[in-house]
Number of protein chains: 2
Amino acid sequence: MVKHHDDSLSRTFAALVDPTRRAILSRLAVHSDLSVSELAHPFTIKLPAVMKHLDVLTDAGLVTRQKHGRTVRCRLLPRPLGKAERWLARTSSFWHARLDNLTAVLENEHGQRR
Amino acid sequence: MVKHHDDSLSRTFAALVDPTRRAILSRLAVHSDLSVSELAHPFTIKLPAVMKHLDVLTDAGLVTRQKHGRTVRCRLLPRPLGKAERWLARTSSFWHARLDNLTAVLENEHGQRR
């Protein structure tokens with residue numbers, strides 16, 4: 001039986017579905033911490049919509065928010081991204097290893113036919 | 001203004017949210033092509049549920065299905081996984097580069113204080 005329980009990975013991928021949320025993460029990866037209004041600035045959507053995306057990212061453990069006086073500053077938490085990246089790398093590596101084996105078999109067969 | 005249109009990436013991440021779909025992809029990465037019933041075998045869910053997951057994976061371009069006589073065989077298409085992996089790697093690399101810069105600044109300050 002295949003065990004398939006990893007809610008944190010599911011939460012990470014669900015958070016990454018939305019392109020605005022990916023853009024928020026990309027900006028936080030480059031710019032260190034940003035206030036919510038700095039973060040919202042380049043987007044065409046309104047501030048409350050950005051706040052909702054930040055809620056999803058915070059719940060998924062991808063962003064942390066801290067109050068500094070009257071402003072809230074956001075930071076990227078990179079650990080869940082690393083975990084998702086490792087899942088993808090592992091899956092791809094199996095596939096590539098299989099491709100390499102297949103290539104070796106075909107090259108061997110080709111060599112024997114000569 | 002931030003441009004954020006990449007539907008293929010959104011489709012890939014949406015397909016990866018479900019743990020059963022991730023398990024299907026992991027099996028196809030390891031086992032080359034599998035028939036639908038071979039694929040469904042280790043799961044506790046019924047065949048129609050597996051078929052629905054395969055529909056989502058096919059629509060996202062992650063799996064291809066081919067009829068061989070009376071059986072349908074499934075294969076992994078690795079390109080969208082590679083694209084998702086590269087997005088994550090790029091985002092992480094920005095974050096790590098920023099961390100390295102910060103470490104260098106702190107080490108420099110520490111050196112000057114001595």
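Note that the structure is a prediction, hence the values are computed from the model and not measured. All chains are named by letter (A, B, ...) in the order of the sequence lines, taking the proteins before the strands, and each is independently numbered beginning at 1.
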Are F13(A) and D18(B) packed together at the side-chain level, in the sense that at least one heavy-atom pair is separated by less than 4.5 angstrom?
no
Can you check whether anything in residues 72-82 of chain A gets within less than 4.5 Å of chain B, heavy-atom wise, and list it by number?
L76(A), P78(A), L81(A)
Could you give all pairs that pass the salt bridge (Lys or Arg N to Asp or Glu O under 4.0 Å) test and reach residues 43-62 of chain A, with sequence neighbours left out?
D55(A)-R65(A)
Would a hydrophobic clustering, with Ile, Leu, Val, Met, Phe, Trp and Tyr connected at side-chain separations under 4.5 Å, put L62(B) with V30(B)?
no
Which atoms of H31(B) approach chain A - backbone, side chain, both or neither, heavy atom under 4.5 Å
backbone
If we only count heavy atoms from C-beta on, is the L88(B) to L16(A) side-chain gap below 4.5 Å?
yes
Other hydrophobic cluster members with V56(A), side-chain heavy atoms of Ile/Leu/Val/Met/Phe/Trp/Tyr under 4.5 Å, chained?
none
L102(A) versus chain B, the contacting section by heavy-atom distance below 4.5 Å
neither
The side-chain contact (heavy atoms from CB on, under 4.5 Å) partners of H41(A) (sequence neighbours excluded) come to none
Heavy atoms, side chains only, cut-off 4.5 Å: are W87(B) and L25(A) in contact?
yes
Are side-chain N/O atoms of R22(B) and T91(A) paired as donor and acceptor at under 3.5 Å?
no
Looking only at heavy atoms, which two atoms of R98(B) and A29(A) are closest? And how far apart?
NE-O, 2.9 Å
Do L28(A) and F94(B) have side chains that approach each other closer than 4.5 Å (heavy atoms only, starting at C-beta)?
no
